Amino acid sequence: CDFFLGPGETRTFHYLNVIGEDPEAALAAYERGQDGFGQLASENEREFSSLVRSAFTPGNTAFSGHLPQLMTRDRSLWKIYYTGFTNLLSGRRASPDSAYGATYLTLSPRVLPTLSFLWDYSLTSLSLALLDPHVLRKMLEVWLALDMHKHWATDYLTGQPTGPWYAINDAAILRCAHDYLRVTGDFAWLDKKIEGKPVVERLLDHALYWKQ
């Protein structure tokens, strides 16, 4: 709709995006959300603030690990450090519709909202190994079970690979595995069989794939 604002006049819009199979139920949910928008906004802020605190708390219940805190009096350095991790947390998806549980969408969730790219995982693999090593290990197992020489990402809603191939995929898998192992020391994982083949052998296949 069109509207006009006079000098000094303000107007607030509450945007809700409701998705559902039943149009009537979705519309009812939308109306409830609009009626209680202030409460929803407050609950969302509290939840995300709690998630951020958990990310830096040893033994928290939200993640399988935690990130190191930066103690500094340099406000610019502090802002850079924590903004980087905030970007990582904003890509976290813990949806009941996920094919393999919680995951991270490290490539602009606004652009590709369901894909996890090997390349981008490898760029943040050290942070993921510290924050959520179980998720990083799980994603490695997903990729090792699939033929990632034909695809560049996996879709967390279907669990299936998608897109064409990236040449970085082999190096990305190895870097993620390296960071997972050096942070956790979980070397027994190398003996776990993925589709009948030990992890260490699958990693070796990726390390030597360039010869083919």
Side-chain angles (χ1 to χ4, degrees), residues 3 5 9-117 120-121 123-139 154-159 179-180 183-184:
F3 66 95
L5 295 178
E9 184 181 1
T10 63
R11 189 170 178 179
T12 301
F13 291 87
H14 294 162
Y15 174 78
L16 287 174
N17 187 3
V18 179
I19 300 173
E21 296 181 3
D22 184 346
E24 293 184 1
L27 181 59
Y30 170 82
E31 292 175 347
R32 289 195 302 272
Q34 284 289 10
D35 291 340
F37 192 89
Q39 181 180 351
L40 283 177
S42 297
E43 289 176 356
N44 182 71
E45 182 176 355
R46 286 196 299 270
E47 183 174 345
F48 196 78
S49 295
S50 175
L51 191 68
V52 172
R53 287 192 296 271
S54 294
F56 296 91
T57 303
N60 69 84
T61 58
F63 305 94
S64 56
H66 70 279
L67 296 167
Q69 293 191 42
L70 175 64
M71 309 301 290
T72 178
R73 295 182 179 179
D74 188 322
R75 292 185 62 84
S76 297
L77 182 59
W78 187 94
K79 184 176 181 180
I80 291 173
Y81 184 78
Y82 285 101
T83 297
F85 287 126
T86 300
N87 289 338
L88 177 62
L89 293 175
S90 69
R92 182 176 182 262
R93 295 294 181 272
S95 169
D97 294 321
S98 174
Y100 37 68
T103 190
Y104 293 82
L105 309 180
T106 50
L107 178 65
S108 185
R110 293 184 179 181
V111 179
L112 296 168
T114 63
L115 302 186
S116 297
F117 283 75
D120 302 290
Y121 255 77
L123 293 177
T124 189
S125 56
L126 177 56
S127 298
L128 286 171
L130 291 165
L131 174 64
D132 227 343
H134 292 176
V135 171
L136 182 58
R137 181 184 64 199
K138 175 187 58 192
M139 291 306 301
T154 49
D155 187 314
Y156 81 94
L157 293 179
T158 66
D179 283 334
Y180 170 74
V183 168
T184 66

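On a predicted model such as this, the values are computed, not experimentally measured, just so you know.
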Could you give the distance from [atom1] ([X]) to [atom2] ([Y]), rounded to the nearest 0.5 Å?
| X | Y | atom1 | atom2 | value |
| --- | --- | --- | --- | --- |
| Arg92 | Thr103 | CZ | OG1 | 10.5 Å |
| Leu88 | Thr124 | CG | OG1 | 4.5 Å |
| Thr114 | Leu157 | OG1 | CG | 5.5 Å |
| Leu89 | Tyr82 | CG | OH | 11.5 Å |
| Ser127 | Asp132 | OG | CG | 12.0 Å |

For [X], which residues count as a ring pair (Phe, Tyr, Trp, His ring centres under 6.0 Å) partner, sequence neighbours excluded?
| X | answer |
| --- | --- |
| Tyr81 | Phe85 |
| Tyr121 | Trp143 |
| His134 | none |
| Tyr15 | none |

Strictly distance-based, threshold 3.5 Å: is any side-chain N or O of Ser90 a donor or acceptor partner for the main-chain N or O of Asn87?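 Checking the backbone N and O of Asn87 against the side chain of Ser90, a donor-acceptor pair under 3.5 Å is found.
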
Non-neighbouring partners of Tyr100 that pass side chain to side chain donor-acceptor pair (under 3.5 Å), sequence neighbours left out: Thr154

Contacts of type side chain to side chain donor-acceptor pair (under 3.5 Å), residue Thr86, not counting sequence neighbours: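 Not a single residue meets the side chain to side chain donor-acceptor pair (under 3.5 Å) criterion with Thr86.
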
Indicate yes or no: at least one non-hydrogen side-chain atom of Pro133 is less than 4.5 angstrom from one of Leu128. no

Closest approach of Leu77 to Thr72 (non-hydrogen atoms, all atoms of both residues):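 Smallest heavy-atom distance, with atoms named: CD2-OG1, 4.2 Å.
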
Which atoms form the tightest heavy-atom contact between Thr184 and Tyr180, and what is the distance?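 Smallest interatomic distance, heavy atoms only, reads OG1-O, 2.7 Å.
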
Only one of Asp179, Asp120, Val183, Leu130 forms a side chain to side chain contact (heavy atoms under 4.5 Å, CB included) with Ser125, so which one is it?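 Looking at Asp179, Asp120, Val183, Leu130, the match for Ser125 under the side chain to side chain contact (heavy atoms under 4.5 Å, CB included) is Asp179.
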
Ring of Tyr156, cation from Arg93 - is the NZ or CZ under 6.0 Å from the centre and inside 45° of the axis?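 Because its charged atom misses either the 6.0 Å distance or the 45° angle limit, Arg93 does not stack over Tyr156.
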
Partners of Arg46 by side-chain contact (heavy atoms from CB on, under 4.5 Å), sequence neighbours excluded?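 side-chain contact (heavy atoms from CB on, under 4.5 Å) check on Arg46 returns Ser42, Glu43.
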
Under the rule for side-chain contact (heavy atoms from CB on, under 4.5 Å), what residues qualify as partners of Arg75, not counting sequence neighbours? none

Less than 3.5 Å apart, which donor and acceptor atoms pair up between the side chains of residues 47-61 and the rest of the protein, not counting sequence neighbours?
unit_1	atom_1	unit_2	atom_2	d
Ser49	OG	Glu45	O	2.9
Ser54	OG	Ser50	O	3.0
Thr57	OG1	Arg53	O	2.6
Asn60	OD1	Ala62	N	3.0
Asn60	OD1	Phe63	N	2.7
Asn60	ND2	Ser54	O	2.8
Asn60	ND2	Thr57	O	2.8
Asn60	ND2	Gly65	O	3.0

Listing, residues 16-32 side-chain donor-acceptor contacts under 3.5 Å, not counting sequence neighbours, or none:
unit_1	atom_1	unit_2	atom_2	d
Asp22	OD1	Glu24	N	3.0
Tyr30	OH	Gln34	NE2	2.9

Residues forming a salt bridge (charged side-chain N to carboxylate O under 4.0 Å, His left out) with Arg137, sequence neighbours excluded: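 Arg137 satisfies salt bridge (charged side-chain N to carboxylate O under 4.0 Å, His left out) with Asp186 once adjacent residues are dropped.
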
Going by the rule salt bridge (charged side-chain N to carboxylate O under 4.0 Å, His left out), which residues pair with Asp155 if we only count those two or more places apart in sequence or in a different chain? none

